[in-house]
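Step one of this worksheet: look at the structure below.
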Amino acid sequence: GEDVEQSLFLSVREGDSSVINCTYTDSSSTYLYWYKQEPGAGLQLLTYIFSNMDMKQDQRLTVLLNKKDKHLSLRIADTQTGDSAIYFCAEISGGSQGNLIFGKGTKLSVKP
Amino acid sequence: DAGVIQSPRHEVTEMGQEVTLRCKPISGHNSLFWYRQTMMRGLELLIYFNNNVPIDDSGMPEDRFSAKMPNASFSTLKIQPSEPRDSAVYFCASSPTGLASEQFFGPGTRLTVL
């Protein structure tokens, strides 16, 4: 079945770059998303990328998509302590009317 | 807009009791989702509604779980009887046009079943 895999933990020092990786299984996914969950809160959409794009940049965030390998990454430049959160990768499985499949989330810890 | 509203924010109950979680989606959104989040299983989609109609409830763990959406501005998730393994954070989310569009999450209800 459809699956989205992420590593569970990532720890970086303040000011370094963070790279959170994700692999997915549905090659027909049209959209791929990154959601952010801060402590005690629900998920919020951080950014998304269309499947016909290789890269999307938004200020400190860079999303890279390798469709051949079904690999998605989120790079956060100049990571700050406020970036500490859980980051979820998600794909639309089964076409545009399919389900939104979330990974288990990567907990990013930023050390001062 | 106040965003998606969930109540209660925290619920502690004893095994065997009935639990009802409530959700008010964002006005104008026609899709509503219930998720469960645990450390072991991550985020799981339980059920989603489109225009108040349940579309896919295949994620509902068992018959003890039921969800209703009597109108466009209110939904409930009920667990009867509750069990300790139901302890989790339950999220409600809504979206304007369905699964393929951005989902807006509520703050969640943290359920503890003793």
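On a predicted model such as this, the values are computed, not experimentally measured, just so you know. Protein chains get the first letters and strands the later ones, always in sequence-line order, with residue 1 at the start of each.
Expressed to the nearest 0.5 Å, how far CG of A:Leu45 lies from CZ of B:Phe105 amounts to 9.5 Å.
A heavy-atom distance below 4.5 Å is found between the side chains of A:Phe88 and B:Gln37. Contact check for B:Gln103 versus A:Tyr35: side-chain heavy atoms found under the 4.5 Å cut-off.
The number of heavy-atom neighbours closer than 6.0 Å to CD of B:Glu18, taken from other residues, nucleotides and ligands shown, is above 12. Around the CZ atom of B:Arg64, the shell of radius 6.0 Å holds more than 12 heavy atoms that belong to other residues, nucleotides or ligands. Dense packing is recorded around CG of A:Asp58, with more than 12 heavy atoms of other residues, nucleotides or ligands lying under 6.0 Å away. In the displayed structure, A:Tyr48 atom OH is contacted under 6.0 Å by at most 12 heavy atoms of other residues, nucleotides or ligands.
Interface residue B:Arg9: only side-chain heavy atoms are found under 4.5 Å from chain A.
Between chain B and the options A:Ile86, A:Leu43, A:Leu8, the largest number of non-hydrogen pairs under 4.5 Å is found for A:Leu43.
No donor-acceptor pair closer than 3.5 Å links the side chain of A:Lys104 to the backbone N or O of B:Leu43.
In terms of the ring pair (Phe, Tyr, Trp, His ring centres under 6.0 Å) criterion, B:Phe49 has no residue partners (sequence neighbours excluded).
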